Each structure stands twice: as C-alpha cells, then as structure tokens.
Amino acid sequence: MDMVNVRDLFRKQEEYVDQTVTIGGWVRSIRNSKNFGFIVVNDGTFFEPVQVVYSNVLENFDDVEKLNVGAAIIVTGKLVATPGTKQPFEIQAEKIDIEGVSTPDYPLQKKKHSFEYLRTISHLRPRTNTFEAVFRVRSLIAYAIHKFFQERDFVYVHTPLITGSDCEGAGEMFRVTTLDMENVPKNPDGTVDYTKDFFNKETNLTVSGQLNGETYAMAFKNIYTFGPTFRAENSNTSRHATEFTSFDVEFSYINSYEDVMNLEAEMLTYALTKLKEEFGEKVKETFGLDIVVPTLPFPVMKLSDVYKELEERYNYKVPESEKTDLTTEAEKLSYKLAKEKFNHEFLFVVDYPADKRAFYHMRNEEGKLQGYDLIWRGVEITSGAQREHRYEKICENAKSKGLGEDVKFYLEFFKYGCPPHGGFAIGVDRLTMLLLDIPTIKESQFLFRGPNRLNP
Ligand code: ATP
C-alpha cells in the first residue's frame, strides 16, 4: 500500500487533489450523523490534521461509527478541495481499516489539560497539539545543530555511556553494576569487592562525552557527539534533569577560548534561523512567541563586571565568597542586563576562577578559567573552554585535584601530539525549554527523568 504523509498532502496539495490517497493516523475527534460522519485524523507528520468524511457506503460503517478518539486507522479516499472552509481539503473515505481500536476512557479529551496532568500520561502527551509542537521543535533544533557541524566537516562520534572513570568532573555519577544487591561480595576490610562485578572494577554512567571526544578531535581535528548524559544529582529545579541529551563539541588548532565562543554563537544563530524559517509561524500560534534570531557577535562580560552591574542597576548584592560563579538569581538578572545593556538575549560570561572547574580546563597565570558560560534568557545553556593540552600542566592539574589512576589513560594521551583545542557542551532539553518558554525541563523531555521520577 502506498501511504502518503499528511505533510505532503498539505505541501503538494495540487498533486493530490482529485486523486485517491491513503493515509494512516490517529483519530483526534469523531462526529456522527445518521448516515455519515466526520473524523479528524492526525498522522504525526504535520501540525495540521485532515478531515475525513465517511458515509454508510463503507462496509464497516457500523464499526467506524463506534470508533473512539485515539484509534489508529488507515483511510483510503479521494482528496477533495474545500475552498472557503477552515481547511483546504478533505478526504472522502472509500475505505477505512481499523488498525488499533481505542477504549472510551482515552485520557486526552478535547479540553485543555494542564502540564501536570499530561505529565502523568507522558507516553500519550505527544498526541496533543502543544507537545507535538514541542517535540517537533526539539527535533529540528537537534537536526539544525547536526547540519551546522556536518556542513563544517565535524565528525559525529559516538562516545560510550559506560565509563570506568569516576572523575569526569561534570557531576555526580550513577553506578553500573550486576552485583547481587542482596548479597554484595565484600573484601576482608568490609569494602565492596568490585573484582566480582561485570567489569571487574567500579563502573559508572558518563556525565559527559567530552574526555573521549577530545581524543577523537586529535585525529579528526573537529568532532561532536550527541547523546544521553546522566547526572546523579538531587536537583529539583526547573532546568535540571537526571538524564538529558547533549551535544559535546571539540575542535583543534584554536587560538583561544574566544574561537570556541565564536563557533557556538554561529551555531546558535544558524539553528535559530532554521527554526524561524521552518516553524516560526507555528511557534507563534502555539506558544504566542516570536523566534528571535540573535545578531553576531554575542556580548561578553567578565564575571566580576556582571556582579558589579547587577548591584549598580538592580541593587543585587551577594557576599564576595559567592562571586566565584553566577548564583541562580544572578543568572536570571543577567538576562535583564543583557537585554538592557546590549539589546541581546545571550550573554557570554568569562573570567571565572578556575579552581572549582574540572582539571582539564585551561587556566591562565592568574588562575582564571580560559572559558565561559553562556546564559540565555536567564539560564546557563553551555559551559565551554579551551582545554589544557600541555602534558606537564594537565598532570599537575589532575594531581592538584587528587586524581591519579582513573585519568591515567586520558593523561597519557597528551604525550602524543596535542595541539591547542577547546569545546563546549549544550543540552537540547534546556534549549527547547527556553526557546518555547515552557515552565520546566520536564516538558521538553519525552519522558522526564528526575529524582524519584522513573515512570511513566
Ligand atoms: P548547572 O550549573 O546548570 O547545573 P553544569 O555547570 O553542571 O550546569 P555543565 O556540566 O557545564 O553544566 O553542562 C553543560 C550543559 O549541559 C549545560 O549548560 C546544560 O545545557 C546541560 N546540562 C547540564 N546539566 C544538566 C541537567 N541536569 N539537566 C539538563 N541539562 C543539563
């Protein structure tokens, strides 16, 4: 059977009008009269659904009439133009195959459901208009970023999720084990005997693909990864998830971390331009928002200057001891600052003290990080930096953090021809949340994973 996507019906209507077409989709609504009825079908390929008109010429008219919302059907019929009505065409059904019935207690009703309710049925929420839009936008953001890097000859590498290193530096890790938790093998000193575990040693889920990515950037020059990342942190904020999907980018032969910032700014401008072109109208209609394509270059401020201006402009004061990073409130206010001072939505913040950062970040003589955080609409969306590539220096940094055996393989690597390089990480979950101004990251993940949240 040659099935056509509803997207194509809308995009190439002239080709299909007065032709017999077959579509497969899900019933969004159904209305019956005595001898005929209307079914609104959404096939998931386009924002707009199609209206199907059916009548008692159908062999299975009695079954079709009894369909509930949510049912999966295949419709064959003539595509007829309907000028002057709400939608440009309808399908006059000659055949409707019922592929999967739905029960009358289908949890999505016509009324507007709250995000909280929809979260309890996360597996069904992509069938709502709002979530269809969220996940289409998310898909396109990810695609546009891939495209940006592919067009610039970055190699897409797939770094492992399982790691033997517990010091990747970006956050707390989840343990991976096949040990019997009811009967954990112990060493004579009472500690867990990991030699009996699957990998014969302590094993974790990765918090970042960066370290592995760096090694590939030393062969391919420019690489990126895109995949799941895990953080075992009890963060119950609107912007943290336990599992999120992140791009990690590493590229070689840079002059400084400014090259990293420039690449990222270009990437975001590219992705937002694509989104505006493709989904600008739909985003406006669904979320009441304009997609703002940023101008280049993005503004840059030193961390100390941000605090100075936040105090001067908004009387925002924090103790000196907290000024080693942006507080959550300072992140929020820095959006206001960026808008007022630069008329820009993005702000690169630089000149962080490096001591709280991972050992692989480059620092200058004054101990300042050769890197940045990027704040968008009051939330950090990226950390980026020039990486330390000098063998002696990186060994020194690792030692000062008390790291040894675990990073040995990584440190060894720096003996074999490492040029200056740098990179950044950016999660699509946060990006989607901020772009659509949806209240929490729970709504930009297909199935949200957070503390105490595994199902659905
Ligand atoms: P935060 O300070 O917000 O906890 P972080 O400094 O731990 O973030 P990085 O390790 O620098 O974050 O990660 C880089 C990017 O990965 C972040 O800017 C963000 O886009 C994304 N990210 C990090 N942690 C999370 C999380 N728990 N949930 C969703 N996205 C995240």
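Counting starts at 1 for both ligands and their atoms, in listed order. Note that the structure is a prediction, hence the values are computed from the model and not measured.
Within the listing of ligand 1, atoms 29 (C) sit less than 4.0 angstrom from a heavy atom of I441. Near T382, meaning under 4.0 Å from any of its heavy atoms, are these atoms of ligand 1: 18 (O). For ligand 1 and A425, the ligand atoms under 4.0 Å from any heavy atom of the residue are 14 (C), 15 (C). Close approach of ligand 1 to S383 is summarised as follows: ligand atoms under 4.0 Å from at least one heavy atom of the residue are 11 (O). Near R231, with a cut-off below 4.0 Å to any heavy atom, the atoms of ligand 1 are 7 (O), 9 (P), 10 (O), 12 (O), 13 (O), 23 (C), 24 (N). Of all atoms in ligand 1, numbered sequentially from 1 with element shown, those under 4.0 Å from a heavy atom of R239 are 28 (N), 29 (C).
In this structure, H123 has its ring center no closer than 6.0 Å to that of F446. A distance of 6.0 Å or more separates the ring centres of F148 and F247.
The 12-atom threshold is exceeded at NZ of K415, counting heavy atoms of other residues, nucleotides or ligands nearer than 6.0 Å. Remark: N343 CG is loosely packed, at most 12 non-hydrogen atoms of other residues, nucleotides or ligands lying under 6.0 Å away.
Note on ligand 1: I381 sits in its first shell, one or more heavy atoms being nearer than 4.0 Å. Distances from ligand 1 to the non-hydrogen atoms of A241 include at least one value under 4.0 Å.
At a heavy-atom distance under 4.0 Å, atoms from both the backbone and the side chain of H240 approach ligand 1.
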Side-chain donor-acceptor contacts of residues 291-306 below 3.5 Å, not counting sequence neighbours, with atom names and distances?
none

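Geometrically, ligand 1 and I426 share no nitrogen or oxygen pair separated by less than 3.5 Å. By the 3.5 Å distance cut-off applied to N or O atoms, R430 is counted among the residues near ligand 1.
Looking at W376, F230, F424, F244, it is F244 that brings a heavy atom closest to atom 30 (N) of ligand 1.
Salt-bridge formation is detected for the pair E285/K282: a Lys NZ or Arg NE/NH1/NH2 atom is positioned less than 4.0 Å from an Asp or Glu carboxylate oxygen.
Note on residues 190-214: no pairs pass ring pair (Phe, Tyr, Trp, His ring centres under 6.0 Å), not counting sequence neighbours.
Annotation: cation-pi pair R453/F448 absent, no NZ/CZ under 6.0 Å from the ring centroid and within 45° of its normal.
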